[in-house]
Number of protein chains: 2
Amino acid sequence: MLVIYTTDMRKEASTNAINEKFLFQTCELNSALNVISGRWKAQIIYSISLGNNRFNLIRKELPNLSEQVLGRQLKELETHAIIVKRILPDTVPTGIEYILTSKGLALIPILSSLCDWGKTYEEGKEIYHL
Amino acid sequence: MLVIYTTDMRKEASTNAINEKFLFQTCELNSALNVISGRWKAQIIYSISLGNNRFNLIRKELPNLSEQVLGRQLKELETHAIIVKRILPDTVPTGIEYILTSKGLALIPILSSLCDWGKTYEEGKEIYHL
DNA sequence: ACAATAACGAACAGAATTGTTAGTGATCTA
DNA sequence: TAGATCACTAACAATTCTGTTCGTTATTGT
């Protein structure tokens, strides 16, 4: 049986992957959610927007997040063009600054609404009417 | 070694679960994303808002979605009070209608913005500036 | 010479999500 | 009486995601 792997080791021909692709084609909503719904990602985007734009600044804010996982998530955000890296001059060891692209910046008000939504309908706060 | 399972079989003491909880407590944004980021979920919410509010109507719109998976996702949306079920009178076999709660309805404009964001910054469309 | 720093990458293991197979109950239709 | 319909649930397998261990580069401080 032939199994095809992509570079990031996802199976292209699995039902799971096919369904994901189907949703991406059905509505951009689904690809958008895909970009921001990974563990830590929305929080990282938010942190950068607040000025925590260095690797170790993010680490300090999110102490449970390991260096390796942070590196991976940042790379994925970069792949989706949410952030770009900038090498800081005259730093040693070389410092990197993360900057939100216009695409990333456009996400902030949406994340903010989601946050408000969460606060409004917090457990026990909401009134279940139609 | 003691392993603790919750009723839905998630491990309460895994790093994964601990980190998830941490994020939920850090910002409501994360719990909000948790509610809508499951496979098919946002699409289901959107479909219901458009009037496809019956089990088989959703199935028809999303042909790759199996009955079993749909049932599970609907149940989770119900658990998070995004939808409620209503038994339709004088139907046989008993028909069920899904209705968005106020909580669920409040999500629609946000999903809509996310969709617009996706359309605007679609692959190859965006200009990568800062 | 050795530890420290910033920012990761690869490979693997454990956990969680998604999909699949089988089966439920009540009621109508052929 | 068998088959169809609606709307599911439980258990299991396949797939994907998250976290962990180990290692890297290049420079500076001790």
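A note on names: the letters A, B, ... follow the listed sequences, proteins ahead of strands, and every chain is numbered from 1.
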Spacing of [atom1] belonging to [X] relative to [atom2] belonging to [Y], to within rounding of 0.5 Å:
| X | Y | atom1 | atom2 | answer |
| --- | --- | --- | --- | --- |
| A/Lys41 | A/Glu76 | NZ | CD | 3.5 Å |
| B/Tyr46 | B/Leu107 | OH | CG | 11.0 Å |
| A/Leu111 | B/Asn30 | CG | CG | 9.5 Å |
| B/Ile36 | B/Gln43 | CD1 | CD | 12.5 Å |

What is the distance, to the nearest angstrom, from the [atom1] atom on [X] to the [atom2] atom on [N]?
| X | N | atom1 | atom2 | result |
| --- | --- | --- | --- | --- |
| B/Asn52 | D/dA7 | CG | C1' | 17 Å |
| A/Leu23 | C/dT18 | CG | P | 11 Å |
| B/Leu65 | C/dG19 | CG | P | 8 Å |
| B/Ile18 | C/dA16 | CD1 | P | 10 Å |
| B/Glu97 | D/dA7 | CD | P | 11 Å |
| B/Leu74 | D/dA7 | CG | P | 10 Å |
| A/Asn16 | D/dC17 | CG | P | 8 Å |
| A/Asn19 | D/dT16 | CG | C1' | 13 Å |

Less than 4.0 Å between a side-chain N and a carboxylate O, is that true for A/Lys119 and B/Glu28?
no
Any carboxylate oxygen within less than 4.0 angstrom of a Lys/Arg side-chain nitrogen, looking at B/Arg54 and B/Glu97?
no
For [X], report the nucleic acid contact type (base, sugar-phosphate, nothing); a contact means any heavy atom under 4.0 Å.
| X | value |
| --- | --- |
| A/Arg72 | base |
| B/Thr15 | sugar-phosphate |
| B/Ser66 | base |
| A/Lys41 | nothing |

For the side chain of [X], counting heavy atoms from C-beta on, which of [options] is nearest?
| X | options | value |
| --- | --- | --- |
| A/Glu67 | D/dT20, D/dA10, C/dA7 | C/dA7 |
| B/Asn56 | D/dG19, D/dA7, D/dA11 | D/dA7 |
| B/Arg54 | C/dA10, C/dG19, D/dC6 | D/dC6 |
| A/Gln73 | C/dG19, D/dT18, C/dA16 | D/dT18 |
| A/Arg39 | D/dA10, D/dG19, D/dG23 | D/dG19 |
| A/Phe55 | D/dA11, C/dA7, D/dT9 | C/dA7 |

Taking for each residue the nucleotide of DNA chain D bearing the nearest heavy atom, is the 5' side occupied by B/Leu57 or by A/Asn64?
B/Leu57
If Ile, Leu, Val, Met, Phe, Trp and Tyr residues are connected whenever their side-chain heavy atoms lie under 4.5 Å apart, and connections chain through other members, are A/Ile83 and A/Leu57 in the same group?
no
Does any part of the side chain of A/Leu70, heavy atoms only, come nearer than 4.5 Å to the side chain of A/Ile44, both counted from C-beta?
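Side chain of A/Ile44 against side chain of A/Leu70, heavy atoms only: contact under 4.5 Å found.
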Between A/Glu20 and A/Lys75, which residue's closest nucleotide on DNA chain C lies nearer the 5′ terminus?
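The residue closer to the strand's 5' end, by nearest nucleotide, is A/Lys75.
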Phosphate contact (C/dG14 OP1 or OP2) by B/Ser14 side-chain N/O below 4.0 Å:
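For C/dG14, neither OP1 nor OP2 has a side-chain N or O of B/Ser14 closer than 4.0 Å.
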May I ask you to evaluate whether B/Trp40 reaches the phosphate of C/dG19, defined as a side-chain N or O under 4.0 Å from OP1 or OP2?
yes
Counting primed atoms plus P, OP1 and OP2 as sugar-phosphate and everything else as base, spell out the protein contacts along nucleotides 24-30 of chain C at 4.0 Å heavy-atom distance: B, S or - for each nucleotide, 5' to 3'.
--BSS--
